[in-house]
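Have a look at the structure below before the remarks.
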Amino acid sequence: MTEETRLLAPEAEHIAYAAMMLARGKLVGMPTETVYGLAADARNAQAVAAIYAAKGRPSFNPLIVHAPDLGVASQIGEFSGEALRVAESFWPGALTLVVPLRPDAGIASLVTAGLDTVAIRVPAHPVAQDLLHSFGGVVAAPSANPSGRISPTTAQHVLDGLGNKLAVILDAGPCPVGLESTIIGWQDGVPVLLRPGGLPAEVIADCLGRAPLPPAANPDRPAAPGMLSSHYAPTASVRLNAFEAEAGEFLIGFGPVSGDASLSPSGDLVEAAARLFDILHLADAAGQPIAVAPIPDHGLGRAINDRLRRAAAPR
Ligand code: TXA
Ligand code: MG
């Protein structure tokens with residue numbers, strides 16, 4: 001992607017243009033009250049893969065889905081009990097809720113990194129709201145910075161870090177909160193603070209009548225945000241760098257290795273990333289041991305290989 005990024009004031013016609021770019025599968029710099037997001041159509045797997053490519057993320061962390069309101073959010077995730085109560089109390093705002101993914105949500109599996117939960121936020125920023133309404137869908141958006149760099153709180157930060165990887169950045173000035181959203185999830189029915197952020201945990205505790213706990217010291221659920229390793233893991237064994245299937249194996253192909261299903265027959269890493277979790281699910285459902293063709297270890301290939309190594313790790 002070497003197109004020139006347009007830095008546009010958040011006027012109605014520019015917001016409509018940005019929404020059109022989202023519909024075309026392009027990346028948009030979206031101002032929110034917390035930080036600028038790198039937004040893509042959450043239903044478009046190729047567009048979501050392009051987020052990871054733009055950020056140069058070495059692994060696939062699940063992304064936050066942004067919805068215009070609780071009604072739309074409820075089409076993606078299941079809200080009941082405490083999740084519903086905090087959503088009604090604090091949305092729109094700097095709060096992200098991790099809830100069960102609805103089976104009919106229709107979002108790309110790369111958004112949730114294959115998990116059966118989904119992180120959802122309803123942003124309060126008027127430009128984010130206008131963009132979501134104009135687009136008419138939901139967007140996946142991590143912070144709009146290259147992987148490992150600090151989060152952007154101005155449009156210029158986005159341009160400096162990711163310029164020419166986005167179609168357009170809506171410049172709405174500095175983000176009022178300037179810190180990522182607070183992330184709350186539930187483990188065994190207990191609220192957990194997955195990431196402290198723009199909404200103080202104390203006010204959530206007041207609403208719930210109990211404080212969200214630190215996540216359980218489970219090796220699959222490290223506390224540090226972005227370090228989450230509770231990705232979808234196939235039940236079958238996984239063998240890497242396979243050129244041919246051994247007896248009984250389901251071979252996931254790439255490029256010249258066609259296999260039983262291919263991540264990308266043409267060897268395109270963006271396409272491979274977009275299909276990764278769907279094909280892992282498909283292979284797992286086949287109930288056979290899984291073998292995977294070699295994937296080049298550059299660009300999105302690093303994140304794909306990171307995920308495959310985790311899937312292949314002894315457990
Ligand atoms: O303020 C924000 O939240 C910004 C703006 C753009 O909305 N977005 C943001 O997204 O910070 P990101 O991708 O940098 O952070 C997403 C984090 C992941 O690292 C992970 O910790 C958590 O959200 N997450 C997402 N889905 C999850 C899930 N299903 N289970 C647990 N944690 C999840
Ligand atoms: Mg981030």
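Just so you know, these numbers come straight off a predicted model, no measurement behind them.
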Just by modelled atom types, is the [Y] backbone N or O under 3.5 Å from a matching donor or acceptor in the [X] side chain?
X      : Y      : answer
Thr96  : Ile183 : no
Asp284 : Thr235 : yes
Asn305 : Ile295 : yes
Ser181 : Leu95  : no
Thr5   : Leu166 : yes

- If you look only at pairs with a residue in residues 94-123, which of them pass as a salt bridge (charged side-chain N to carboxylate O under 4.0 Å, His left out), with sequence neighbours excluded? Glu33-Arg121, Arg102-Asp104

Interatomic distance, [X] atom [atom1] to [Y] atom [atom2] [nearest 0.5 angstrom]:
X      : Y      : atom1 : atom2 : answer
Phe90  : Ile204 : CZ    : CD1   : 6.0 Å
Leu63  : Lys55  : CG    : NZ    : 8.5 Å
Leu308 : Ile290 : CG    : CD1   : 9.5 Å

- Query: Would you say Arg24 has more than 12 foreign heavy atoms packed within less than 6.0 Å of its CZ?
  - Reply: no

- For Ile150, does the CD1 atom sit with more than 12 other heavy atoms under 6.0 Å from it, leaving out its own atoms? no

- Item | Counterpart residues, salt bridge (charged side-chain N to carboxylate O under 4.0 Å, His left out), relative to Arg239 (two or more places apart) |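 Salt bridge (charged side-chain N to carboxylate O under 4.0 Å, His left out) check on Arg239 returns Glu246, Glu249.
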
- Determine, for Arg302 against Asp306, whether the closest basic-nitrogen to carboxylate-oxygen distance falls under 4.0 angstrom.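 Looking at Asp306 together with Arg302, the answer is no, because their closest N to O distance does not fall below 4.0 Å.
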
- In terms of side-chain heavy atoms, does Asn145 have a donor or acceptor partner in Ser143 at a distance below 3.5 Å?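 There is such a pair between these side chains.
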
